[in-house]
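Read the structure below first, then the notes.
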Amino acid sequence: MNYRALGRTGLRTSEIGFGAWGIGKTSWIGAEDDFSVQALIAARDAGITFFDTALAYGNGHSERLIARTFGNSSELIIATKVPPKNHQWPARSAVPLREVFPKDHVLQCLKTSLTNLQRETVDLYQFHVWSDEWADAPEWFETLREIKTSGMVRFVGISVNDHQPTNVLKALSTGLIDSVQVIYNIFDQSPEDELFPFCRKRNIGIIARVPFDEGSLTGRVGPDTTFPAGDFRAYYFAGRRKREVWNRVQKLIQDLGLSIDELPALALRFCCSHPAVSTVIPGMRTQEHVRHNVNSVLACALPAETLRRLRSHRWIRNFYAPSPSLVDKLRRKVLSQRNRELTTV
Ligand SMILES: NC(=O)c1ccc[n+]([C@@H]2O[C@H](COP(=O)([O-])OP(=O)(O)OC[C@H]3O[C@@H](n4cnc5c(N)ncnc54)[C@H](OP(=O)(O)O)[C@@H]3O)[C@@H](O)[C@H]2O)c1
C-alpha cells in the first residue's frame, strides 16, 4: 500500500480508503454484517487506514460496525459526516444555513456519531451536503470554532453536492476547511478543471468518492441487470440508463483494448493517477472486493497515453436526479389519479 498526505493535516492516508455507505444496509440492499466486518478487517490487514462513513448510513449502523470491528484503535483515520437537518440531499440553493446545519444540530449529531464510533474524537468531520451560499454565515464560523475547540474533532471537511465540484470554493477560501470529498471518476472528470488546482495551491486534502460511478465502472451493470427492491441503484440506473452506461462502458474498453474484468482496476487507477487526490474511497462490502481493489492500486498511476485516451470518455450527466422516464411515470400517475377524482366528482 502507498500512503499520501491528507492535505495540510499532517495525517497520512492510504491511497485507497474504505467507502462505508454500502455496509450501512439501508440504501444498498443485501449487505450482511458478518461479510461487512470481514471486509473491514481485510481492508485494515491490507494497509487501508482511511474509513469514510456517515451518521446517515443506516442511521449510524455503518459507524457502529466500524466500532465493533476496530474498537477505538488510534491507528486508523475515521471520517464521518453530519447529515443535513432538513434531510435534503443535495443541498438546494436559497435554503438558509439554519435549516440545514444549525449549531445545536451539528453538535448533537457529532455526539451521536462519537457514541456510535466509541470514540472521544473523530479524525475528520465532514458536512454531508454543501452550498457555498453559506460560506460567509456567522453562525457557520461559530459552529466551526466550537467543534474545533471542543476536542471532539481533529479536522473538518466538506462533502460537496453531487457533480458540483466548484460549489465549495468560497468555503475553502476561508482557510478553515481541511479536506473536500468529491465525485471523481472516468465519467465525471470535472474536478480536474478548477477544484483540484485550487486545492493543490492551498494544500487541501481531496477524497475521491464514487470511483465506480455506483457500479457502472465495474462493468457489472448491463441492460438486463436488476437490483433488489429498495436498492438505491434501482433508482440511479432507472429506465434507459442501464443501456446508456453499458454502451459507454463498451466503447471505453474497446478504445483501451481491455477486457471487462480489467475495468475496476482501471477505474481506481484513474482516480489515484491525479496528484491532487489524497485517497480514493470505493464502496466495498466483501473481502474479495477489498483484495481486488487493493491489488489494483499497487501500480497506481496510469501511463500518460492511457490518461490522454480517457479524457474523451468524460460524460456530463446527473443520475442522482430522477430519470426522465421516472418523472414521466410519476406525472402519468398523478394525472390519472386526478382524472379518476374528476370522474368521481
Ligand atoms: N454525499 C456523499 O458524501 C457521498 C455520496 C456517495 C458516496 N459517498 C462515499 O463514497 C463511497 C464510494 O461510493 P459508493 O460506494 O456509493 O460507490 P462506488 O464506490 O462507485 O461503487 C461501490 C460498489 O462497487 C462494487 N464494487 C466494489 N469493488 C468492486 C470490484 N473490485 N469489482 C466489482 N464490483 C466492485 C460494489 O457493489 P456490490 O457490493 O453490489 O458488489 C460496491 O458496493 C461511499 O461508500 C461513501 O463512503 C459519499
Side-chain angles (χ1 to χ4, degrees), residues 1-7 9-24 28 31 36-57 62-63 65-67 69-70 73-81 113 117 119 122-126 128 154-160 178-185 191 196 199 204-215 217-218 264-265 267-298 300-301:
M1 179 64 67
N2 299 311
Y3 296 86
R4 297 184 181 191
L6 183 65
T9 61
L11 299 175
R12 287 191 71 73
T13 163
S14 46
E15 269 176 345
I16 178 169
F18 190 106
W21 181 19
I23 64 170
W28 292 68
S36 301
V37 168
Q38 283 171 13
L40 287 165
I41 291 171
R44 184 209 43 207
D45 291 352
I48 289 181
T49 56
F50 187 91
F51 293 80
D52 179 72
T53 181
L55 183 55
Y57 298 166
S62 170
E63 293 178 327
L65 267 189
I66 288 174
T69 311
F70 300 132
S73 159
S74 59
E75 323 227 298
L76 306 175
I77 303 169
I78 307 294
T80 192
K81 309 186 193 85
S113 284
L117 289 165
R119 289 174 165 244
V122 65
D123 300 302
L124 182 65
Y125 200 46
Q126 305 163 101
H128 206 152
R154 291 178 74 192
F155 300 102
V156 178
I158 288 178
S159 191
V160 294
D178 304 297
S179 70
V180 181
Q181 186 178 133
V182 63
I183 294 176
Y184 179 53
N185 57 46
F196 286 178
C199 289
I204 294 168
I206 298 277
I207 299 152
R209 78 172 190 244
V210 197
F212 295 132
D213 179 37
E214 309 292 6
L217 286 168
T218 65
L268 290 182
R269 290 183 64 193
F270 168 79
C271 297
C272 63
S273 292
H274 201 291
V277 170
S278 314
T279 185
V280 47
I281 52 165
M284 297 184 281
R285 307 196 285 177
T286 63
Q287 48 182 333
E288 289 73 26
H289 282 169
V290 170
R291 291 204 187 99
H292 184 277
N293 294 339
V294 167
N295 286 335
S296 308
V297 296
L298 288 179
C300 184

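- Between Glu15 and Met1, the shortest heavy-atom distance links the atoms N-SD, 4.0 Å.
- No hydrogens or angles considered: a donor-acceptor pair under 3.5 Å links the side chains of Thr53 and Ser62.
- With a 4.5 Å cut-off on side-chain heavy atoms, Pro282 and Leu268 count as touching.
- Closest heavy-atom contact between Arg119 and Leu76: NH2-O, 4.1 Å.
- Here the side chains of Thr9 and Arg154 are not in contact, with every heavy-atom distance at 4.5 Å or above.
- To the nearest 0.5 Å, atom OG of residue Ser159 and atom CG of residue Asp52 are 7.0 Å apart.
- Of the residues listed (Val280, Ile77, Ile78, Ile16), the one engaging Phe50 in a side chain to side chain contact (heavy atoms under 4.5 Å, CB included) is Ile77, and it is the only one.
- Glu75 has its side chain out of reach of Phe70: every pair of non-hydrogen atoms, C-beta onward, lies at least 4.5 Å apart.
- Aromatic ring pairs are classed by plane angle as parallel below 30°, tilted from 30° to 60° and perpendicular above 60°; the pair Trp28 and Trp21 is perpendicular.
- Between the side chains of Glu63 and Ser113, at least one donor N or O sits under 3.5 Å from an acceptor N or O.
- Checked against Phe155 for a side chain to side chain contact (heavy atoms under 4.5 Å, CB included), the options Val122, Leu6, Leu11, Asp123 give a single hit: Leu11.
- In terms of heavy-atom proximity, Ala267 sits nearest to Pro211 at CB-O, 3.8 Å.
- Within the 4.5 Å cutoff, the side chain of Thr13 has no heavy atoms near those of the Ile207 side chain.
- To the nearest 0.5 angstrom, Leu65 atom CG is 5.5 Å from Ser36 atom OG.
- Of the listed residues (Glu288, Gln287, Arg285), just one forms a side chain to side chain contact (heavy atoms under 4.5 Å, CB included) with Gln38, and that residue is Gln287.
- A donor-acceptor pair is defined here as one N or O able to donate and one able to accept, closer than 3.5 Å; no such pair exists between the side chain of Thr69 and the backbone of Val37.
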